[in-house]
S.K.: 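Would you mind keeping the following structure in view while I ask a few things?
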Amino acid sequence: MIEAKILEKACEALRILYGQEMKPESLGLEKTRKEITGDYTLVVFPLLKISRKSPEATATEIGTFLDENMPEIASFNVIKGFLNLVLSDHFWMKFLLRNANRPDFGIQKSRHDRPVVLEYSSPNTNKPLHLGHIRNNLLGFSLAEILKANGHKVIKVNLVNDRGIHICKSMLAYMKWGNHETPESTGIKGDHLIGKYYVLFNKHYQAEIHDLIEKGLTEAEAERQAPLILEAQEILRKWEAKDHETVTLWKTMNGWAYTGFDLTYRRLGVDFDHIYYESETYLLGKDLVMEGLENGVLVRKEDGSIWADLRDEGLDEKLLLRADGTSVYMTQDLGTAQLRYDDYHPSNMIYVVGNEQNYHFDVLKRVLARLGKDFALHINHLSYGMVELPQGKMKSREGTVVDADDLMEEMFQTAEETTRELGKANELSDPDALKLFNTISLGALKYFILKVDPKKNMMFDPRESIDFNGNTGPFIQYTYARIQSLLTRASAAGYSYEGSEISLNQSLMPSEKDTIKKLYQFQETIVQAGTELSPAIVANYVFDLAKGFNQFYQELPVLKEEDQEKVVLRINICKFTGNIIQKSMKLLGIDVPDRM
RNA sequence: GGCCCUGUAGUUCAAUGGAUAGAACGGAAGUUUCCUAAACUUUAAAUCUGGGUUCGAUUCCCGGUGGGGCUACCA
């Protein structure tokens with residue numbers, strides 16, 4: 001990497017010029033702003049204490065040293081305290097020609113012994129997936145790709161929440177009002193059918209609560225005493241007692257949910273290496289708690305319940321086992337963390353979970369640490385923000401949930417409409433056209449979600465749907481398609497760009513150089529995205545690349561250029577850009593079409 | 001009440017403590033005998049507020065204020 005070399009040489013300059021040792025990472029080197037001449041800029045303000053000279057003099061002295069001692073540097077200029085370094089066109093061209101046809105450019109080979117376990121998706125089986133799950137799934141899948149590109153082995157796991165009172169609610173509603181209907185008999189996708197009964201339960205439950213309040217109960221009392229909730233709790237008890245009839249219905253209905261989820265996952269293009277089921281793990285964790293009690297890191301209260309007292313760490317007390325010995329969510333998560341660690345001995349465990357669970361993960365890590373689990377230090381909660389609608393947060397009770405299947409279908413139809421209007425589907429066979437609509441619609445949806453910093457809440461307006469122009473997936477896909485079209489023409493015209501030998505002493509046009517520079521940044525982008533666990537960094541990078549390329553492509557001829565050396569140079573820029581767009585989009589889980 | 005996150009053009013998003021705060025959509029005005037106009041060019045338009053640290057603050061710290069979340073013997 002050229003940055004490291006510049007920094008190293010700059011330190012040498014400081015040593016020779018001012019007799020001071022500085023660490024390379026303490027120097028401020030950044031990319032030069034676009035409107036200023038230069039490729040990299042060294043900020044010299046912090047160095048004035050060492051040089052005891054003016055910013056201009058200091059920058060000039062360092063610049064002169066670098067210019068004389070680094071062949072890659074062609075020239076420099078100084079503006080105030082900013083030393084702008086210009087790399088030679090020779091350097092950029094050499095980079096381009098060496099890497100344009102390397103399929104593995106920027107991608108690290110696997111170089112870690114221990115894997116990273118990445119949990120994402122983790123749905124409940126009582127209702128279909130919605131927009132919030134989509135963000136989770138896309139982030140999780142993309143993150144796995146990014147970590148792999150950084151040389152990690154990644155185990156993608158899904159912890160399905162397939163038991164508990166919420167499932168019993170759907171089961172109860174089905175027993176009462178289901179009339180034995182099935183996905184087959186109704187034609188309704190399994191997860192949606194179950195969701196229907198979950199909604200139905202809540203409708204009747206709310207009515208009961210309403211009646212009880214009218215009779216003088218408080219809201220809390222009404223919620224606890226409503227007949228339906230008592231019945232649901234009875235079903236939960238029967239399930240835990242392995243009552244045959246209850247378990248059979250539970251299996252049947254969960255089966256419907258899984259069939260439905262599989263379709264949604266497949267359409268979304270996400271997958272898993274291992275699926276954990278909570279029904280198989282919910283009893284875990286008790287041993288850990290008992291062990292912690294014996295070691296004195298947990299406390300037992302008078303009623304027999306067991307707690308972690310985190311008040312000395314600025315948090316509260318946290319219940320881990322009820323007085324009756326049953327566990328809570330936290331207990332299970334302690335247990336599943338241990339299970340996961342034992343299964344894979346990972347170097348890191350990443351959980352893609354919404355930011356409303358920040359406190360939960362804070363507590364989880366601290367309790368595991370108290371229990372003496374070193375892997376607690378390597379638990380990473382990728383806490384992503386909520387997806388908000390124009391009218392606020394999605395609320396299933398208010399019917400404002402954006403369903404995942406519906407959304408993908410609507411996107412598909414919009415893509416089809418737009419593509420047909422533009423006449424771009426005219427020459428395609430039906431299967432090819434369908435494939436294209438699918439690629440474009442998913443590209444639009446995925447890019448829209450992933451370009452936003454995961455940590456931040458984001459806004460989604462379904463009425464405006466998603467645009468296909470500007471900073472969008474289809475914009476980038478279109479850039480790629482045009483490149484492929486051009487490369488086909490280039491081949492037809494007999495140009496061979498692989499292993500091209502051309503003179504490196506040509507001078508580059510600004511838009512050529514900008515594009516090559518952007519390509520150079522692919523490697524550092526992958527590293528940064530992996531470090532920060534942020535697909536948004538890749539998304540914003542690839543948009544910049546496509547944007548810059550389009551500018552180049554608009555103002556300079558490629559195949560129609562007369563200078564044959566320039567033709568080869570530009571074909572290589574096109575080829576390389578196409579490669580990097582494809583790779584970047586793959587990191588986001590987005591396909592690119594050869595034509596559109 | 002306590003704790004956490006967050007406030008950038010009309011809107012949706014960017015910006016390792018650095019130069020004149022970038023894009024996109026929307027608005028205004030342009031570019032097709034020319035490698036795909038889902039493109040390109042030009043233009044108007046923003047850091048909630050008051051302090052502090054710093055040569056330099058959208059960024060770090062403190063106060064105010066707006067928004068969101070958590071604070072379950074639910075998961």
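We name chains A, B, ... by the order of the sequence lines, and we start the count at 1 in each one. This is a predicted model, so every value here is computed, not measured.
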S.K.: Taking only side-chain nitrogens and oxygens of A:Asn469, does any of them come within less than 4.0 Å of OP1 or OP2 of B:A39?
M.R.: yes
S.K.: For A:Glu555, answer base if it contacts any base atom (sugar-phosphate contacts may also be present), sugar-phosphate if it contacts only those atoms, and nothing otherwise; contact means non-hydrogen atoms under 4.0 Å.
M.R.: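 Contact class for A:Glu555: none.
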S.K.: Tell me the interatomic distance from A:Phe437, atom CZ, to B:A38, atom C1', rounded to whole angstroms.
M.R.: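 That distance rounds to 14 Å.
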S.K.: A:Ile537 CD1 to B:A23 P: how many Å, rounded?
M.R.: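 Those two atoms, CD1 and P, are 20 Å apart.
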S.K.: Using a heavy-atom cut-off of under 4.0 Å over every strand shown, decide if A:Thr419 touches base, sugar-phosphate, or nothing.
M.R.: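 Base, at least one base atom sits under 4.0 Å.
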S.K.: Give A:Met386 one of three labels, base, sugar-phosphate or nothing, depending on what nucleic acid heavy atoms sit under 4.0 Å from its own.
M.R.: nothing
S.K.: Of the candidate nucleotides B:G68, B:C74, B:C13, which contains the atom at the shortest distance from the side chain of A:Arg322?
M.R.: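 Within the option list, the nearest is B:C74.
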S.K.: Just how far, in rounded Å, is P of B:A23 from CG of A:Asn471?
M.R.: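 A:Asn471 atom CG is separated from B:A23 atom P by 12 Å.
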S.K.: Heavy atoms from C-beta onward define the side chain here; which of B:C40, B:A38, B:A19 lies closest to that of A:Thr32?
M.R.: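 Closest of the options to the side chain of A:Thr32: B:A19.
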S.K.: Looking at the rings of A:Phe475 and A:Tyr447, which for Trp means the six-membered one, are their centres under 6.0 Å apart?
M.R.: no
S.K.: Between B:G18, B:C35, B:C25, which nucleotide has the shortest distance from any of its atoms to the side chain of A:Glu30?
M.R.: B:G18
S.K.: Give the nucleotide from the list B:A38, B:A23, B:A19 with an atom nearest to the side chain of A:Arg33.
M.R.: B:A19
S.K.: Would you state whether a donor and an acceptor, one from the side chain of A:Asn84 and one from the base of B:A19, lie under 3.5 Å apart?
M.R.: yes
S.K.: For A:Lys566 and B:C35, what is the distance between atoms NZ and C1' respectively, to the nearest whole Å?
M.R.: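 Between C1' of B:C35 and NZ of A:Lys566: 18 Å.
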S.K.: Considering only B:C73, B:C40, B:A19, which nucleotide approaches the side chain of A:Lys80 most closely?
M.R.: B:A19
S.K.: What distance, rounded to whole Å, do you find between the two C1' atoms, one in B:A15 and one in B:A46?
M.R.: 14 Å
S.K.: For A:Ala481, which contact category applies under a 4.0 Å heavy-atom criterion: base, sugar-phosphate, or nothing?
M.R.: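 Base contact.
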S.K.: State, yes or no, whether a side-chain contact exists between A:Thr336 and A:Asp333 at a heavy-atom distance under 4.5 Å.
M.R.: yes
S.K.: For B:U32, decide between syn and anti, treating a glycosidic angle within 90° of 0 as syn.
M.R.: syn
S.K.: Starting the side chain at C-beta, find the nucleotide from B:G18, B:A24, B:A39 nearest to A:Phe82.
M.R.: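 Looking only at side-chain atoms, A:Phe82 lies closest to B:G18.
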S.K.: Would you call the rings of A:Tyr258 and A:Tyr277 parallel, tilted or perpendicular, taking 30° and 60° as the class edges?
M.R.: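 Answer is perpendicular, since the angle exceeds 60°.
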S.K.: Quick one: do A:Glu56 and A:Lys80 make a salt bridge, cutoff under 4.0 Å?
M.R.: no
S.K.: Can A:Phe468 and A:Met596 be said to form a side-chain contact (heavy atoms from CB on, under 4.5 Å), step by step?
M.R.: CA-CA 12 Å; A:Phe468 294 164; A:Met596 72 181 273; over 6 Å; no
S.K.: How does each nucleotide of nucleotides 3-10 of chain B score, in 5' to 3' order, for protein heavy atoms under 4.0 Å: base (B), sugar-phosphate only (S), or none (-)?
M.R.: --------
S.K.: Base, sugar-phosphate, or nothing: which does A:Pro46 touch, judged by heavy atoms less than 4.0 Å apart?
M.R.: base
S.K.: Would you please confirm or rule out a distance under 4.0 Å between OP1 or OP2 of B:A14 and any side-chain N or O of A:Lys451?
M.R.: no
S.K.: Just say parallel, tilted or perpendicular for the rings of A:Phe437 and A:Phe412, cut-offs at 30° and 60°.
M.R.: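 Correct class here is perpendicular.
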S.K.: Give one of base, sugar-phosphate or nothing for A:Leu556, where a contact means two heavy atoms less than 4.0 Å apart.
M.R.: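 Counting heavy atoms under 4.0 Å across all strands, the contact made by A:Leu556 includes a base.
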S.K.: For A:Phe475, which contact category applies under a 4.0 Å heavy-atom criterion: base, sugar-phosphate, or nothing?
M.R.: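 The answer is sugar-phosphate, as A:Phe475 gets under 4.0 Å only of primed atoms, P, OP1 or OP2.
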S.K.: Counting Watson-Crick and G-U wobble pairs only, both distances under 3.5 Å, name the nucleotide matched with B:C60, or none.
M.R.: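 When the pairing criteria are applied, B:G52 turns out to be the nucleotide that pairs with B:C60.
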S.K.: Mind checking A:Thr41 for me? I need base, sugar-phosphate or nothing, with any heavy atom below 4.0 Å counting as a touch.
M.R.: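 Base, at least one base heavy atom under 4.0 Å.
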S.K.: Can you tell which of B:C35, B:C73, B:U20 lies closest to the side chain of A:Arg489?
M.R.: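 Nearest to the side chain of A:Arg489 among the choices is B:C35.
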S.K.: Compare the aromatic ring of A:Phe543 with the six-membered base ring of B:A23 and state whether they stack according to the 5.5 Å and 30° rule.
M.R.: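 No; by the centre-distance and plane-angle rule, A:Phe543 does not count as stacking on B:A23.
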S.K.: Hey, are A:Asp303 and A:Lys301 close enough for a salt bridge, meaning a charged N less than 4.0 Å from a carboxylate O?
M.R.: no
S.K.: Please give the nucleotide sitting opposite B:G66 as a Watson-Crick or G-U wobble pair, both distances under 3.5 Å, or none.
M.R.: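 Partner of B:G66: B:U6.
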S.K.: By the 4.0 Å heavy-atom rule, please label A:Asn540 as base, sugar-phosphate, or nothing.
M.R.: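 The residue A:Asn540 makes no contact with any strand.
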S.K.: Suppose we define a pair by two distances each less than 3.5 Å, Watson-Crick or G-U wobble; what does B:G22 pair with here?
M.R.: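 B:C13 - that is the nucleotide pairing with B:G22, both distances being under 3.5 Å.
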S.K.: If you pin A:Lys31 and A:Asp594 to their nearest nucleotides in RNA chain B, which one's is more 5'?
M.R.: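 Final value for this comparison: A:Lys31.
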S.K.: A:Phe45 side chain: which of B:G18, B:C73, B:C25 is closest?
M.R.: B:G18
S.K.: Taking pairing as Watson-Crick or G-U wobble with both contacts under 3.5 Å, can you name the mate of B:A72, or confirm there isn't one?
M.R.: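 Pairing partner: none.
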S.K.: With P as the reference atom in both, quote the distance from B:U47 to B:U11 in angstrom, rounded to an integer.
M.R.: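 Roughly 13 Å separates the two P atoms.
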S.K.: With both distances under 3.5 Å as the test, what is the Watson-Crick or G-U wobble partner of B:G30?
M.R.: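 Base partner found: B:C40.
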S.K.: What's the separation between atom CG in A:Leu382 and atom OG in A:Ser534, rounded to the nearest 0.5 Å?
M.R.: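 So the gap between those two atoms works out to 8.5 Å.
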S.K.: Nearest to the side chain of A:Ile79 - B:G18, B:C35, B:A19?
M.R.: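 In terms of side-chain proximity for A:Ile79, the closest of B:G18, B:C35, B:A19 is B:A19.
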S.K.: Looking at A:Gln554, A:Gln551, A:Glu555, which one forms a side chain to side chain donor-acceptor pair (under 3.5 Å) with A:Ser511?
M.R.: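 Among A:Gln554, A:Gln551, A:Glu555, the one that satisfies the side chain to side chain donor-acceptor pair (under 3.5 Å) with A:Ser511 is A:Glu555.
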S.K.: Assign A:Leu29 to base, sugar-phosphate, or nothing according to its heavy-atom contacts below 4.0 angstrom with the strands shown.
M.R.: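 A:Leu29: base contact, heavy atoms under 4.0 Å.
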S.K.: Under 6.0 Å from the six-membered ring centre of A:Tyr282 and within 45° of its axis: does the NZ or CZ of A:Arg163 meet both?
M.R.: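 So A:Arg163 does make the cation-pi contact.
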S.K.: Rounded to whole angstrom units, what separation is found between the CG atom of A:Asn126 and the C1' atom of B:C74?
M.R.: 12 Å
S.K.: Have a look at A:Gln551 and say if it touches a base, only the backbone sugar-phosphate, or nothing, with a 4.0 Å heavy-atom cut-off.
M.R.: sugar-phosphate
S.K.: In whole angstrom, what separates A:Glu313's CD from B:U71's C1'?
M.R.: 17 Å
S.K.: A quick test of your reading: do over 12 heavy atoms of other residues, nucleotides or ligands sit less than 6.0 Å from CE of A:Met22?
M.R.: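 Enclosed: over 12 neighbouring heavy atoms sit under 6.0 Å from CE of A:Met22.
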S.K.: How many whole angstroms separate atom CD of A:Gln554 from atom P of B:U42?
M.R.: 11 Å
S.K.: So what does A:Asp453 hit on the nucleic acid, given a heavy-atom distance under 4.0 Å: a base, only sugar-phosphate, or nothing?
M.R.: sugar-phosphate
S.K.: Can you tell me which nucleotide in B:A39, B:A19, B:A14 comes closest to the side chain of A:Val452?
M.R.: B:A14
S.K.: What do you reckon, are the aromatic ring centroids of A:Phe549 and A:Phe552 less than 6.0 Å apart?
M.R.: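 They qualify: ring centres under 6.0 Å apart.
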S.K.: For A:Tyr553 and B:A39, say yes or no: do the ring centres fall under 5.5 Å of each other while the ring planes differ by less than 30°?
M.R.: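 No, aromatic ring not over the base.
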S.K.: Using a cut-off of strictly less than 4.0 Å, decide whether A:Lys301 has a side-chain nitrogen or oxygen near OP1 or OP2 of B:C73.
M.R.: no
S.K.: At 4.0 Å (heavy atoms only), tell me whether A:Leu321 reaches a base, stays on the sugar-phosphate, or touches nothing.
M.R.: nothing
S.K.: Pick the C1' atom in B:U58 and in B:U16, then give their distance to the nearest Å.
M.R.: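 Result for the C1' pair: 14 Å, nearest Å.
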S.K.: Under 4.0 Å between any heavy atoms, over every strand shown, what does A:Asp162 touch: base, sugar-phosphate, or nothing? Just pick one.
M.R.: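 Nothing: the residue A:Asp162, judged by heavy atoms under 4.0 Å, touches no strand.
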S.K.: Roughly how many Å is it from CD1 in A:Ile36 to P in B:A19, rounded to a whole number?
M.R.: 9 Å
